Amino acid sequence: MSDNDKTPAPDLKAPVNFIRSIIRDDLDSGKHSTLQTRFPPEPNGHLHIGHAKSICLNFGVAEDFKGKCNLRFDDTNPEKEDIEYVNAIIDDVKWLGFEWSGLYHSSDYFQQLYDYAVELIKQGKAYVDSLSAEEIREYRGTLTEPGRESPDRNRSIEDNLDLFARMRAGEFEDGKYLLRARIDMASPNINMRDPALYRIKKAHHQRTGDEWPIYPMYDYTHCISDAIEGITHSLCTLEFEDHRPLYDWVLDEVKTPCHPQQIEFARLQLKYTITSKRKLNLLVVDKHVDGWDDPRMPTISGLRRRGYTSVAIRDFCDRIGVTKKDSFIEMAVLENSIREDLNHHATRVMGVLNPLKVTIKNYPDDLTEELLAHNHPQQPEMGTRTVNFSKVIYIERNDFLEDAPRKFFRLSVGREVRLRYAYYVTCTDFVKDENGEVIELICEYDPATKGGSSPDGRKVKGTIHWVSAEHAIDATVNLYDRLFTHPNPAASENFTEHLNPESLTVLKNCKLEASLADASEEIHYQFERTGYFVKDNKSDDLTFNRTVTLRDAWAKIDKQNQ
RNA sequence: UGGGCCGUCGCCAAGCGGUAAGGCACCAGGUUUUGAUCCUGGCAUGCGCAGGUUCAAAUCCUGCCGGCCCAGCCA
């Protein structure tokens with residue numbers, strides 16, 4: 001086959017990885033004429049950033065290779081699953097910007113799964129076991145010792161058929177019988193020591209109701225579901241590597257329309273957070289956070305509420321790559337992705353988080369001026385707006401220092417700075433309260449510097465943001481920090497002991513420019529010099545969530561000096 | 001000490017026998033009415049270690065060392 005016959009190379013936005021190489025080869029060789037993948041979440045919790053990696057991979061390759069990707073709920077354990085989760089998962093996948101080819105449930109295949117199991121029994125490849133759970137564990141052996149065969153292993157096919165039919169009919173209580181594959185109790189791979197195929201579980205299923213008293217196990221269900229949907233490449237995480245022989249065994253023994261290839265990749269691990277549905281659920285249940293969509297959570301809904309964009313999350317997933325190596329990604333990579341996206345389109349505004357009153361001594365008492373401000377310095381098409389200026393304003397507390405080092409380009413007595421879009425202003429004095437805390441600055445402005453530039457060409461080192469006291473609106477601002485103080489909290493038994501007590505700081509008396517009164521949850525803002533913010537969609541009063549800070553060179557210098 | 005898998009810069013990651021891409025982070029400059037953005041430059045004689053094959057090895061072979069996963073009627 002010449003190069004000209006090959007399927008055109010995909011858009012190289014997404015980096016190549018070993019999975020894409022395999023797919024490329026399978027398409028080139030004609031093993032497959034079209035690609036079919038699937039994203040198979042269990043609806044027992046909300047999706048997190050780790051799932052985003054899998055979603056981007058599965059839907060991403062499908063898009064790039066002109067194939068299809070299904071969304072399939074792996075709902076074979078009714079006790080843990082809930083319709084609330086399936087709806088949340090659907091919302092999250094949509095929000096990430098992907099479109100599935102088919103929306104399926106493993107439970108759609110319960111009848112076919114059952115029929116295949118009967119077929120297996122008829123072939124002598126499966127049997128009904130009456131061993132208890134404890135006995136099964138004992139019989140299984142250990143990592144270094146082979147297991148022992150169950151006394152029921154050689155039950156007749158007729159008896160197996162009869163017992164399995166009665167299991168299905170609901171004649172037995174939970175745990176009374178188990179349908180097992182008849183493989184090899186001495187296999188060095190524990191998954192092949194006669195694994196469970198069906199268990200009796202008289203539980204109400206969110207989709208099939210009380211129709212089934214027995215439910216198929218993952219290993220049996222997943223491969224057959226893949227085959228039924230014509231999946232070509234079944235991508236999953238590393239811990240399923242040992243299950244691949246079983247995946248292949250089932251598909252070899254049962255007459256399915258095709259035999260998908262399972263390929264494993266390393267799951268995403270992010271430093272200073274956790275990506276375990278069980279542990280995330282614990283944080284929610286024990287009220288360490290305010291729900292699955294708490295902006296500190298690494299869930300898709302949490303990140304969204306925090307102000308992350310789907311573009312940033314997808315960019316992040318492209319950057320981290322796909323390999324088989326266990327690894328921990330630094331938070332800085334995620335932050336870089338969101339900063340890059342938001343820098344392009346966030347609307348610039350001014351907001352003072354920790355207000356310090358400033359009186360401009362020589363400014364007219366009752367004057368209010370409307371000053372022109374740009375909504376984005378590099379994108380004029382985003383337009384301009386007007387901000388009110390008056391005699392009393394607020395600036396950021398940390399923009400004033402009583403004893404300022406030479407490199408501090410902000411306010412101190414005798415120093416001149418530019419008030420963004422307004423005037424040059426020089427601090428002449430300050431007022432302290434009885435506790436010695438600075439509560440007010442006295443400044444003088446230069447009327448000739450209106451707009452922020454001086455006709456005499458003199459330069460100021462610093463430009464600070466401000467807000468007119470009379471025109472400012474009050475708001476609450478939530479500042480978020482890493483959820484854990486340990487880079488790998490999941491490693492400890494008691495992972496909650498590493499919860500960061502300062503992961504949330506609520507600022508109640510923030511002063512924002514008036515334009516923010518009409519803030520929308522859809523719009524991402526940059527409060528100049530402080531960070532990116534988004535209006536919180538769950539608060540009654542005006543509240544903003546800080547998505548991420550801006551990079552801060554001064555903070556670095558300041559830290560080094562200490 | 002059973003089986004499966006993995007080890008390339010602080011964190012990711014290309015590389016597939018021809019002489020170490022890129023991103024993040026970091027460092028040094030420049031531009032700037034955000035100490036932001038942007039721009040420029042720096043950052044592995046080295047690819048877990050030790051041998052071997054070869055004119056040539058991160059890439060092939062052998063042996064070590066280190067790490068992860070598996071003993072649910074969870075997925």
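Residue numbers start from 1 in every chain, and the chains themselves are labelled A, B, ... in the order their sequence lines are given, proteins ahead of strands. Predicted, not measured: the structure shown is a model, and the values here were computed from it.
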With sugar-phosphate meaning primed atoms plus P, OP1 and OP2, does Ser453(A) contact a base, only sugar-phosphate, or nothing at under 4.0 Å between heavy atoms?
-> base

Tell me what Leu143(A) touches on the nucleic acid: a base, only sugar-phosphate, or nothing, going by heavy atoms under 4.0 Å.
-> base

CZ of Phe328(A) versus P of rC68(B): gap in Å, rounded?
-> 10 Å

Phe164(A) meets the ring pair (Phe, Tyr, Trp, His ring centres under 6.0 Å) criterion, sequence neighbours left out, with Tyr114(A), Tyr198(A)

Tell me what Ile329(A) touches on the nucleic acid: a base, only sugar-phosphate, or nothing, going by heavy atoms under 4.0 Å.
-> sugar-phosphate

May I have the distance from Tyr139(A) (atom OH) to rC73(B) (atom P), rounded to whole angstrom?
-> 15 Å

Could Arg148(A) and Glu138(A) be called an ion pair, given the rule that one side-chain N must be under 4.0 Å from one carboxylate O?
-> no

Just name whichever nucleotide pairs with rU32(B), Watson-Crick or G-U, keeping both distances under 3.5 Å, else none.
-> none

Opposite nucleotide pairing with rA50(B), Watson-Crick or G-U, both atom distances under 3.5 Å = rU62(B)

Counting only side-chain N and O atoms of Thr221(A), is one of them less than 4.0 Å from OP1 or OP2 of rA75(B)?
-> no

Asp248(A) with Arg244(A): basic N within carboxylate O range, under 4.0 Å = no

For RNA chain B, determine which residues of residues 127-137 of chain A have any heavy atom closer than 4.0 angstrom to one of its atoms, and list them numerically.
-> Leu131(A), Ser132(A), Ala133(A), Arg137(A)

Could you list the residues that satisfy salt bridge (Lys or Arg N to Asp or Glu O under 4.0 Å) with Asp242(A), not counting sequence neighbours?
-> none

Should the heavy atoms of other residues, nucleotides or ligands under 6.0 Å from CD of Glu493(A) be counted, would the total exceed 12?
-> no

Which one, rC70(B), rC12(B), rG72(B), comes nearest to the side chain of Ile320(A)?
-> rC12(B)

To the nearest angstrom, how far is Asn189(A) atom CG from rC5(B) atom C1'?
-> 12 Å

Hey, does the side chain of Lys277(A) come within less than 4.0 Å of rC74(B)'s phosphate (OP1/OP2), counting only N and O?
-> no

Contact class for Tyr421(A) vs. all strands (heavy atom < 4.0 Å): base, sugar-phosphate, or nothing?
-> base

Could you give the CG-to-P distance, from Asn336(A) to rC11(B), as a whole number of Å?
-> 18 Å

Glu239(A) CD to rC68(B) C1': how many Å, rounded?
-> 11 Å

Centroid-to-centroid, Phe110(A) to His205(A), below 6.0 Å?
-> yes

The contact string for nucleotides 34-42 of chain B, one letter per nucleotide 5' to 3', using protein heavy atoms under 4.0 Å with B, S and - for base, sugar-phosphate only and none, comes out as BBBB-----

Ignoring backbone atoms, test whether Arg140(A) places a side-chain nitrogen or oxygen under 4.0 Å from the OP1 or OP2 oxygen of rC73(B).
-> yes

Of the nucleotides rC24(B), rG3(B), rC74(B), which has the atom closest to the Glu42(A) side chain?
-> rC74(B)

For Arg193(A), check salt bridge (Lys or Arg N to Asp or Glu O under 4.0 Å) against everything at least two apart and list the hits.
-> none

Tell me whether the guanidinium CZ or amine NZ of Arg420(A) lies under 6.0 angstrom from the six-membered ring centre of Trp466(A) and within 45° of its axis.
-> no

Nearest whole angstrom, please: distance from the C1' of rG67(B) to the CD of Gln269(A).
-> 12 Å

Salt-bridge test for Arg153(A) and Asp194(A): reply yes if a basic N is under 4.0 Å from a carboxylate O, no otherwise.
-> yes

N or O in side chain of Lys556(A) less than 4.0 angstrom from rC26(B) OP1/OP2 | yes

Assign Gln560(A) to base, sugar-phosphate, or nothing according to its heavy-atom contacts below 4.0 angstrom with the strands shown.
-> sugar-phosphate

Using a heavy-atom cut-off of under 4.0 Å over every strand shown, decide if Met217(A) touches base, sugar-phosphate, or nothing.
-> sugar-phosphate

Scan every strand shown for a Watson-Crick or G-U wobble partner of rC11(B), both distances under 3.5 Å, and answer none if you come up empty.
-> rG23(B)

So which protein nitrogen or oxygen atoms get under 3.5 Å of nucleotides 7-9 of chain B's nitrogens or oxygens?
from   : atom 1 : to        : atom 2 : distance (Å)
rU8(B) : OP2    : Lys325(A) : NZ     : 2.6

Looking at rG10(B), does its base get a donor-acceptor pair with the side chain of Glu330(A) below 3.5 Å?
-> yes

For the side chain of Thr76(A), counting heavy atoms from C-beta on, which of rC68(B), rA75(B), rC5(B) is nearest?
-> rA75(B)

Side chains of Asp226(A) and Tyr247(A): is there a donor and an acceptor less than 3.5 Å apart?
-> yes

Does rC68(B) have a Watson-Crick or wobble mate here (both distances under 3.5 Å), and if so which one?
-> rG4(B)

Checking all strands, does Thr323(A) fall into the base, sugar-phosphate, or nothing category for heavy-atom contacts under 4.0 angstrom?
-> sugar-phosphate

Taking OP1 and OP2 of rC74(B), is either one under 4.0 Å from a side-chain nitrogen or oxygen of Arg199(A)?
-> yes

Just call it for Asp242(A): base, sugar-phosphate, or nothing, with non-hydrogen atoms closer than 4.0 Å on any strand.
-> base

Step-by-step salt bridge (Lys or Arg N to Asp or Glu O under 4.0 Å) determination, Glu528(A) to Arg348(A) | CA-CA 6 Å; Glu528(A) 293 204 41; Arg348(A) 269 59 172 178; 5.9 Å; no

Would Arg180(A) count as a cation-pi partner of Tyr127(A), with NZ or CZ less than 6.0 Å from the six-membered ring centre and within 45° of the ring normal?
-> no

Kindly label the base of rG51(B) as syn or anti, based on whether its glycosidic torsion lies within 90° of 0.
-> anti

Phe18(A) atom CZ is separated from rA14(B) atom P, nearest whole Å, by 9 Å

Take atom CG of Leu246(A) and atom P of rG72(B), then tell me their distance rounded to the nearest Å.
-> 15 Å

Polar contact flag, side-chain donor to acceptor under 3.5 angstrom, His243(A)-Asp219(A) | yes

How about His46(A) and Tyr85(A): are their ring centroids closer than 6.0 Å?
-> yes

Give none if rG17(B) has no partner; otherwise give the nucleotide forming a Watson-Crick or G-U wobble pair with it, both distances under 3.5 Å.
-> none

So what does His243(A) touch, heavy atoms closer than 4.0 Å: a base, only the sugar-phosphate, or nothing?
-> base

